[in-house]
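Before any comments, here is the structure.
Quick note: numbers below take in every heavy atom, side chains included, and nothing from hydrogens, waters or symmetry partners. Residue numbers start from 1 in every chain, and the chains themselves are labelled A, B, ... in the order their sequence lines are given, proteins ahead of strands.
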Amino acid sequence: MPKNFVEELRWRGMIHDLTPGTEEQLNKEMTAAYVGIDPTADSLHIGHLVSIMMLKHFQLCGHKPIALIGGATGMIGDPSGKSQERNLLDESTLRHNQECLKKQLALFLDFESDASNKAELVNNYDWMKDYGFLAFIRDIGKHITVNYMMSKDSVKKRLSAESGSGMSFTEFTYQLVQGYDFLHLFQHHSCKLQMGGADQWGNITTGTELIRRKLGHENEAFALTCPLITKADGGKFGKTETGNVWLDPAKTTPYAFYQFWLNCSDEDAEKYIRIFTLLDRTTIESLIEAHRSEPHLRQLQKTLASEVTRMVHGEAELQKAEDASQILFGKGTTEMLRKLDEATLLSVFAGVPQSQISKEIFQAEKDIVELLTTHGGVFASKSEARRLMKENAVSVNKEKVSEQTRPDSQMLLNGKYVLVQKGKKHYHLLVVA
RNA sequence: GGGGGAGUACCAGAGCGGUCAAAUGGGGCAGACUGUAAAUCUGUUGGCGCAGCCUUCGGAGGUUCGAAUCCUUCCUCCCCCA
């Protein structure tokens with residue numbers, strides 16, 4: 001094997017736990033491994049990125065990655081964590097999502113080459129949909145005791161009195177269905193390893209256990225988990241005010257995507273750069289060292305943001321995101337904004353929320369609160385607009401405004417744009433047409 | 001089948017006839033300080049024509065001058081016994 005996979009993940013801080021013998025197996029021969037992804041949307045978000053990077057490294061180390069779309073399991077809902085009831089996806093949605101996800105996965109994994117370790121995409125709906133209930137409980141359920149299933153943390157937590165939520169039989173069954181996936185892949189794809197987040201440990205080991213009990217002791221399967229990605233301040237990773245950070249540029253603009261990474265705290269950036277970039281160890285270590293001595297340069301965040309953005313959106317989009325960030329957060333002034341030609345302006349603000357407003361309304365409306373709220377949709381309510389203006393948090397074209405400010409045509413950039421800023425980081429472009 | 005408990009703002013969780021747009025904590029947002037960081041401090045966190053008014057405390061009715069608080073009923077969830 002060209003590179004030691006476990007060693008690679010280890011220095012990157014991507015190993016939480018692994019079953020004994022995993023490393024030996026991987027050093028012995030090319031091995032197939034899979035991770036599961038719920039096809040609940042037609043795009044991946046950055047919460048999926050860790051799993052994907054695991055597969056990416058896996059492939060780079062000469063092994064064969066399998067991405068499993070959880071069409072069947074996604075309908076059930078994993079009791080680990082506090083998942084809500086899942087909606088059943090109809091088959092056409094499922095297939096649509098699967099296709100979209102595959103395109104995104106192809107940004108990272110090689111599905112096309114002739115190499116023996118090319119990536120594969122499977123969907124457990126394909127082997128679960130016709131599996132009858134009786135057949136399943138007889139063939140599979142027989143091999144796992146309820147006692148074993150009850151001892152899993154995810155189950156214990158839900159059954160404990162404090163949780164106060166109970167657990168349906170459907171959810172209880174989840175680990176068995178996921179365990180069967182592993183068995184199926186083990187038998188039909190020679191897949192010997194399942195990877196996932198630390199919260200998946202219980203589900204994965206149900207699979208290894210099932211394989212051992214059903215197929216006998218000489219059939220050994222392995223588990224490897226990575227730590228759940230956290231933020232130093234305890235918040236949820238990958239969420240912003242507006243929700244998930246998606247890989248699909250239509251859902252999260254490349255600019256917003258770039259900004260997400262740029263805004264990481266120092267502590268998080270040191271962790272994330274190891275996990276989410278492919279930079280090698282010496283590069284990363286020297287970057288971290290440089291950052292610690294001159295933190296204000298934000299070199300670490302900048303590298304992290306550009307590496308990940310390039311990987312997901314490509315060089316051209318990265319350029320635009322960097323330019324936009326430079327203009328919006330550099331020491332920009334009103335004069336500088338006025339100097340931008342229309343094309344530049346539009347490309348800079350491509351990633352910024354925009355709204356349209358008619359010229360007539362703009363000219364007629366003399367109340368800035370009305371203009372920005374009722375017509376412009378910049379604020380959710382007039383109360384909010386007033387409150388923020390009192391707090392000196394609202395700027396138009398980089399200049400603070402108050403409730404008394406009267407809108408006029410002097411505000412227009414290039415005759416038709418108004419740049420509204422809420423606080424330091426939130427921009428909104430009004431297009432007057 | 002029997003018994004008990006609970007549903008309050010983004011979440012957790014007080015309130016149990018008026019002084020409640022609803023304590024407190026968390027989260028969010030903003031300001032100061034900075035490095036588009038962290039920590040800290042401060043303000044704010046239903047809406048509006050904003051010293052006033054309107055809509056909110058699972059749903060629908062009712063009692064009352066007045067209800068998140070009392071009654072009826074429906075829905076949902078949890079726990080215990082069988």
Can you tell me, in whole Å, how much space there is between the [atom1] of [N] and that of [M]?
N: B:C70; M: B:G2; atom1: C1'; value: 28 Å
N: B:A6; M: B:C71; atom1: P; value: 12 Å
N: B:G61; M: B:U69; atom1: P; value: 14 Å
N: B:G59; M: B:C75; atom1: C1'; value: 7 Å
N: B:A30; M: B:A22; atom1: C1'; value: 24 Å
N: B:C54; M: B:G13; atom1: C1'; value: 27 Å
N: B:U64; M: B:G58; atom1: P; value: 23 Å
N: B:U55; M: B:C50; atom1: C1'; value: 15 Å

Where the side chain of [X] is defined as all heavy atoms beyond and including C-beta, which of [options] is the nearest nucleotide?
X: A:Lys400; options: B:G47, B:G35, B:G31; value: B:G31
X: A:Ser265; options: B:C29, B:U36, B:A38; value: B:A38
X: A:Glu391; options: B:C29, B:A37, B:G43; value: B:G43

Could you tell me which nucleotide pairs with [N] by Watson-Crick or G-U wobble geometry, both distances under 3.5 Å, or answer none if nothing does?
N: B:G52; answer: B:C48
N: B:G61; answer: B:C71
N: B:A9; answer: none
N: B:A30; answer: B:U42

Could you tell me how far apart [X] ([atom1]) and [N] ([atom2]) are, to the nearest whole angstrom?
X: A:Lys398; N: B:U36; atom1: NZ; atom2: P; result: 11 Å
X: A:Trp261; N: B:A37; atom1: CH2; atom2: C1'; result: 16 Å
X: A:Glu270; N: B:G35; atom1: CD; atom2: P; result: 19 Å
X: A:Asp367; N: B:C48; atom1: CG; atom2: P; result: 12 Å
X: A:Tyr427; N: B:U36; atom1: OH; atom2: C1'; result: 9 Å
X: A:Phe237; N: B:G27; atom1: CZ; atom2: C1'; result: 19 Å
X: A:Glu403; N: B:C48; atom1: CD; atom2: P; result: 12 Å
X: A:Met389; N: B:G43; atom1: CE; atom2: C1'; result: 18 Å

Side chain of A:Lys302, base of B:U36: donor and acceptor closer than 3.5 Å?
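Not at all, since no donor on one side and acceptor on the other fall under 3.5 Å apart.
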
Classify the side chain of A:Glu384 and the base of B:U45 as holding, or not holding, a donor-acceptor pair under 3.5 Å.
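Flag unset: no donor-acceptor pair detected.
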
If you define the side chain from C-beta out and look only at heavy atoms, does anything of [X] sit under 4.5 Å from [Y]?
X: A:Tyr180; Y: A:His184; result: yes
X: A:Gln356; Y: A:Val431; result: yes
X: A:Phe58; Y: A:Leu193; result: yes
X: A:Ile327; Y: A:Met336; result: yes

Please compare A:Ala393 and A:Arg387 by the position of their nearest nucleotide in RNA chain B and report the one closer to 5'.
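Its nucleotide being nearer the 5' end, the pick is A:Ala393.
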
Let me know, please, whether A:Lys382 or A:Pro295 comes out on the 5' side of the other along RNA chain B by nearest nucleotide.
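Between the two, 5'-proximity favours A:Pro295.
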
Under 4.0 angstrom between [X] side-chain N/O and [N] OP1 or OP2:
X: A:His426; N: B:A30; value: yes
X: A:Ser383; N: B:C50; value: no
X: A:Arg386; N: B:G49; value: yes
X: A:Lys425; N: B:G35; value: no

Counting only N and O atoms by type, is there a donor-acceptor contact under 3.5 Å from the side chain of A:Lys398 to the main-chain atoms of A:Leu328?
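Yes, because the side chain of A:Lys398 sits within donor-acceptor range (under 3.5 Å) of the backbone of A:Leu328.
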
Mind checking A:Glu267 for me? I need base, sugar-phosphate or nothing, with any heavy atom below 4.0 Å counting as a touch.
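Here A:Glu267 touches no strand at all.
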
How is A:Leu388 classified with respect to the nucleic acid when contacts are heavy atoms under 4.0 Å: base, sugar-phosphate, or nothing?
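Since only primed, P, OP1 and OP2 atoms lie under 4.0 Å of A:Leu388, the category is sugar-phosphate.
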
In sequence, state the C-alpha distance, the side-chain angles, and the governing distance for A:Thr309 and A:Glu317, and then conclude on side chain to side chain donor-acceptor pair (under 3.5 Å).
CA-CA 8 Å; A:Thr309 307; A:Glu317 289 301 326; over 6 Å; no

A:Glu370/A:Lys382 ion pair, N-O < 4.0 Å:
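Salt bridge: yes.
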
